[in-house]
Amino acid sequence: MIKNILALETSCDDTSVAVVQDPGCVLSVVSANQDAVHAPFGGVVPEIASRNHSLHILPLIQRALLQAKISMEDLHGIAVTNRPGLIGSLIVGVSVAKTLAQVKNLPLIGVNHLEGHILAPFLSDDSWAPPGNFKFPFVALAVSGGHTSLYRVDDIGKYTIIGRTKDDAAGEVFDKFGKMLGLGFPGGAQVDRWAQKGNPEAFEFPRGLIKEENLMMSFSGLKSAAHRLLQSMSADEIENKKADLCASFQESVVEVLLHKLQMAVDLENLDTVVITGGVCANSRLRSAAQAWAAQEGLLLVMPPMRYCTDNAAMIGYAGLKRLQNGERFQMDMGPSPSSSPGDLKESLK
Ligand code: KG4
Ligand code: ZN
């Protein structure tokens, strides 16, 4: 019986380790955030990310087991993100996971990072559990620094991409805009903080592809429009209008996301919606989504922040379900920068 899983996540810049217990209880999740080391470069530097993963991962495994109050002997499997992501970063998690699985003779499962995000709402702990009536099928909006996609989720392993950005991810443009304003890296949370004091109608930003009757999104036009606007303003003006700029920019992103989510719900004729990924931390997205769902009579599940941003617990959940289904990866498992062909079916609407 597969009950306790050790999970590793090193696909980008956060090193994270979790112990997840059947049916989805997070016994521990510990992470090392690398924002401070990448901040001077204004973005994630892959070589630095992998070097830091190798520094952090073993101490984090020790801490995760300690916090979960279980030993390696109590584990029934090892789950690790092996795709998609930065290759140098993935290699660290994959090598450690394979070694542990080999030495401890435990079953091994490689997990798609995006599957982790999609299934994160099923996790539970002392202070969070999904609503009792939350179940498949549902529409999921996974919105992060690397991805902005809409999925129809029918079951574990049954994910159809029904919409996505055709250029930049929403988190990426939040970060770029934050950088243009000199708010540091990653800028998303800073833009959110400034926006809370600003007027969302002060500036007009484009709403990419909002009028198109499909689930495609685009954020590169917004990024260019923001760049042009800031170039037309003096440094003093920008400084004085920072809050209004952030609020107006943020409103444009949130409006596009929720508009496309509404279309997805209508097209799929579903009444359960998940929003997940790092951008789900955005306070305006959260409040606007809640108001929208209440008005439409939808069941909206947004995992708590600790399970929205990159974390190993979500990988543990996906790994647990797959191991329980009898899936196993062999010792020649490798990391991949992209999803495997069967992972996420694409049927764009
Ligand atoms: O899921 P995540 O932790 O990592 C990826 O897989 O990308 O998402 C990180 C992204 C970054 O772009 C970050 O700026 C954005 O999520 N983010 C936010 C906020 N907090 C994090 N964007 C807008 N508002 C926030 N409060
Ligand atoms: Zn992610």
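The model shown is predicted, which means the values in this text are computed figures rather than measured ones. First listed ligand is number 1; within each ligand, the first listed atom is number 1.
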Side-chain (N52) to main-chain (I48) donor-acceptor, under 3.5 angstrom: yes
is_close_aromatic(Y151, Y159), centroid dist under 6.0 Å: no
Which residue and heavy atom of the protein sit nearest atom 22 (N) of ligand 1, plus the separation: G188 CA, 3.6 Å
Ligand 1-proximal atoms of H117, by part, heavy-atom distance under 4.0 Å: side chain
Test item: K158 side-chain N/O and P137 main-chain N/O as donor-acceptor pair under 3.5 Å: no
Residue H147, metal the Zn ion (ligand 2), N/O/S under 2.8 Å: no
S340 versus R83, side-chain donor and acceptor atoms under 3.5 Å: yes
Electrostatic pair E172:K176 at N-O distance under 4.0 angstrom: yes
Closest to atom 13 (C) of ligand 1 among D175, D192, V191 (heavy-atom distance): D175
Cationic N near anionic O, under 4.0 Å, R284 to D192: no
Contact with ligand 1 for G146, non-hydrogen, under 4.0 angstrom: yes
Top protein contact for atom 8 (O) of ligand 1, by heavy-atom distance: G278 CA, 3.3 Å
Atom 3 (O) of ligand 1 - nearest protein heavy atom and its distance: D310 N, 3.1 Å
Residue and atom name of the nearest protein heavy atom (relative to atom 24 (N) of ligand 1), distance in Å to one decimal: N282 ND2, 3.0 Å
C280 and R286, any side-chain heavy atoms less than 4.5 Å apart: yes
Metal site the Zn ion (ligand 2): N/O/S of C12 inside 2.8 Å: no
N, O or S atom within D310 nearest to the Zn ion (ligand 2), by name: OD1
Shortest protein contact, atom 9 (C) of ligand 1 (heavy atom only): G145 N, 3.8 Å
Proximity of H113 to ligand 1 by residue part, where a heavy atom lies under 4.0 Å: side chain
Numbering as shown, the atoms of ligand 1 that approach G171 to under 4.0 Å (heavy-atom distance): 12 (O)
N112 side chain to D343 side chain, donor-acceptor N/O pair below 3.5 angstrom: yes
Beyond-backbone contact of P121 with P303, side-chain heavy atoms, under 4.5 angstrom: yes
